[in-house]
Amino acid sequence: MADEKWVDVGAASELAATPLRKVEVGSVPVALSCVGGRFGAVSHVCNHAGGPLGEGTLDGDYVVCPWHHWKFNRLTGEGEPGFESDRVPSHGVRVEGGRVLVTARPVTPRHKNPHPPHPLERAIKREPGPIRVLGIGASAMDEKNPRYSGSDHLLESALAAARGQGAETRMIRLSALRFRACEGYYSKAARACTWPCSITQMDSEDQMDQVYEGLVHWADALILSTPIRWGQASSLYFRMAERLNCVQNQITTHKRIMIRNKVASFIVLGGQDNVQGVAGQLLAFFAELGFAFPPFPYIAHTRGWTAEDMERNVAFVQHSQELHDGARHLALRTVDFAGRLVAGAETGDMPRAGRKAQTVGTA
Ligand code: FES
């Protein structure tokens with residue numbers, strides 16, 4: 001039975017059987033732990049992004065948050081070594097008459113030190129300057145023994161044409177980056193998917209930050225090139241796309257649109273068919289992120305299902321004036337449309353496509 005300060009949360013014998021669990025102390029959720037018969041009680045709410053500590057695991061005397069694995073001492077609430085002055089609230093806990101009693105109010109307060117934000121967390125603001133075009137090549141290859149890539153080659157032609165129009169360009173080849181696959185933080189809880197990506201925040205070696213920086217902060221336009229693999233875009237493209245979940249999820253979790261007044265176009269190249277299927281997926285995905293598209297937003301080439309003589313296909317792409325002209329014209333349409341969106345955003349006179357993005361769910 002509880003008095004004014006102490007709340008009975010259950011039988012000690014029963015609660016001791018589970019090392020870590022969530023209990024309600026009045027209306028306050030608490031992470032109750034028991035190791036070697038000794039109970040501890042700290043806030044259920046993680047300092048980082050509000051993860052449910054009572055649903056985590058124990059590492060010695062530390063409660064490990066199930067979302068991104070921050071650790072807090074189960075008895076004192078203090079952060080793991082290196083973060084000791086960060087702490088979640090701790091509650092008093094005692095066993096009396098075989099019952100576990102926990103103080104309704106914490107005995108030590110929450111404390112969050114200001115940690116330097118990740119560089120990607122800065123406000124999204126277009127810096128003055130010419131139109132900026134990011135090329136992303138999604139063809140996979142052995143970086144130590146590179147081969148000719150038709151999709152990369154056409155992308156280079158497109159970027160050269162963009163520069164000829166006065167644009168700044170950057171090119172990222174996904175095969176040159178080391179980045180992990182999405183590990184499904186969103187599947188733990190919507191708010192467990194963070195911006196920047198939880199992996200980017202936890203793993204300084206992960207190089208997906210280059211894509212985030214380019215797409216979210218730097219570029220006005222994206223030109224993405226991909227080969228067709230088994231009727232789809234490349235596996236590297238899909239790995240990147242899944243890591244861009246965190247950009248799209250910001251709309252869901254924070255009503256925050258991160259991609260505004262940006263244009264995307266595509267180069268699709270296959271030894272075999274399904275150009276429209278691949279282009280359809282690309283258009284649908286980048287539309288979900290907030291990109292707009294120029295007229296005729298992709299170019300493509302395939303010699304068809306029976307063309308198994310890939311060396312001829314490669315030679316064709318390498319030397320085809322028509323295809324490289326197509327890539328150049330795609331770039332000109334892309335730069336032109338990006339210029340209209342940027343100019344419209346600056347004057348407030350949005351072209352139709354840009355206006356729609358401005359009016360959906362503002363942050
Ligand atoms: S580590 Fe707890 S919410 Fe991220």
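We count ligands from 1, going down the list as the structure has it; atoms in each ligand are counted the same way. Quantities reported herein were computed from a predicted structural model and do not represent experimental measurements.
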I'd like to know whether Arg333 forms a salt bridge (Lys or Arg N to Asp or Glu O under 4.0 Å) with Asp336, so could you lay out the CA-CA distance, the side-chain angles of the two residues, the decisive distance to 0.1 Å, and finally the verdict.
CA-CA 5 Å; Arg333 293 195 294 279; Asp336 176 68; over 6 Å; no

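- With Asn47 as the fixed residue, the side-chain hydrogen bond (donor to acceptor under 3.5 Å, both in side chains) test singles out one of Lys112, Arg110, His111: Arg110.
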What's the verdict on salt bridge (Lys or Arg N to Asp or Glu O under 4.0 Å) for Glu78 and Lys71, showing C-alpha distance, side-chain angles and the deciding distance?
CA-CA 8 Å; Glu78 289 170 327; Lys71 295 180 183 178; over 6 Å; no

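- Figure legend: cation-pi geometry between Arg87 and Phe72 absent, as NZ or CZ is not positioned both under 6.0 Å from the six-membered ring centre and within 45° of its axis.
- Around atom 4 (Fe) of ligand 1, the protein contributes the following N, O or S atoms under 2.8 Å, ordered by chain and number: His48 ND1, His68 ND1.
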Are Tyr298 and Phe266 close enough, and set up right, to give a ring pair (Phe, Tyr, Trp, His ring centres under 6.0 Å), and what steps lead you there?
CA-CA 4 Å; Tyr298 63 92; Phe266 311 102; 7.7 Å; no

Dump the intermediate steps for side-chain hydrogen bond (donor to acceptor under 3.5 Å, both in side chains) on Asn113 and His115, then the final yes or no.
CA-CA 6 Å; Asn113 272 326; His115 295 292; 5.4 Å; no

